[in-house]
J.: 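The structure's right below; bear with me while I get my questions together.
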Amino acid sequence: MDDLAALIADVAAGTVATADDAERGPVAGGTTPVIVAGKLATWRDYLGTVIDALGVAPEWTDEPAWTGRLLTDRARAWGWAPRVSLAQAMDELRSSLAAGS
C-alpha cells in the first residue's frame, strides 16, 4: 500500500507527468491500469506466502491453469520506481495474515 499511495501522490503532484498514451504516463482524465510492485513475482510467491501465514498445506494439481502475466513495468517506464521490495511486501502480507488468524 505504501508504494501505491506514493505513486498516487506523485501523479497528483505532477512528479509523474500525464500523457495521451498509457505507455508514456497515466492518461489524464482516464483510467490507466498499473501494477505497483517491487519486482516481478509469481503466483507461487504470493500463494506460498498466504498458505505459509495461514498454516495450511497447498494441494497442487496438474490441470490446465491460467498462464497470463501481470506486467509490473508500466510505472517504471514513466520514470517512477517502487520503494518497497517484494520481500518486504511478502513479509507485510505474512504478518498481517498471521495477526488475523
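All figures in this text were calculated on a predicted structure; none of them were measured in a lab. Hydrogens, waters and symmetry mates are skipped; everything else that's a heavy atom, side chains included, is used.
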J.: Return the minimal non-hydrogen interatomic distance between Pro82 and Asp3, and the atom names on each side.
T.: CB-OD2, 3.1 Å
J.: Grab the two heavy atoms, one from Tyr46 and one from Met90, that are nearest each other, plus how far apart they are.
T.: CA-SD, 4.1 Å
J.: Mind checking side chain to side chain donor-acceptor pair (under 3.5 Å) for Asp91 and listing every partner two or more places apart, or none if nothing turns up?
T.: Arg94
J.: Where do Leu93 and Val50 come nearest, in terms of heavy atoms and distance?
T.: CD2-CG2, 3.9 Å
J.: Heavy atoms only: give me the nearest Leu86-Asp45 pair and the separation to one decimal.
T.: CD2-OD2, 4.0 Å
J.: Could you list the donor-acceptor pairs under 3.5 angstrom formed between side-chain atoms of residues 5-20 and any protein atom two or more places apart in sequence or on another chain?
T.:
unit_1: Asp10; atom_1: OD2; unit_2: Trp80; atom_2: NE1; d: 3.0
unit_1: Asp20; atom_1: OD1; unit_2: Arg24; atom_2: NH2; d: 2.3

J.: Using 0.5 Å steps for rounding, measure from the CD1 atom of Ile51 to the CG atom of Leu97.
T.: 11.5 Å
J.: Calculate, to the nearest 0.5 Å, the distance between atoms CZ and OG1 belonging to Arg44 and Thr49 respectively.
T.: 12.0 Å
J.: Using every non-hydrogen atom in the two residues, find where Gln88 and Arg83 come nearest and quote the distance to one decimal.
T.: OE1-O, 3.8 Å
J.: Restricting to side chain to side chain donor-acceptor pair (under 3.5 Å), what partner residues turn up for Glu92, sequence neighbours left out?
T.: none
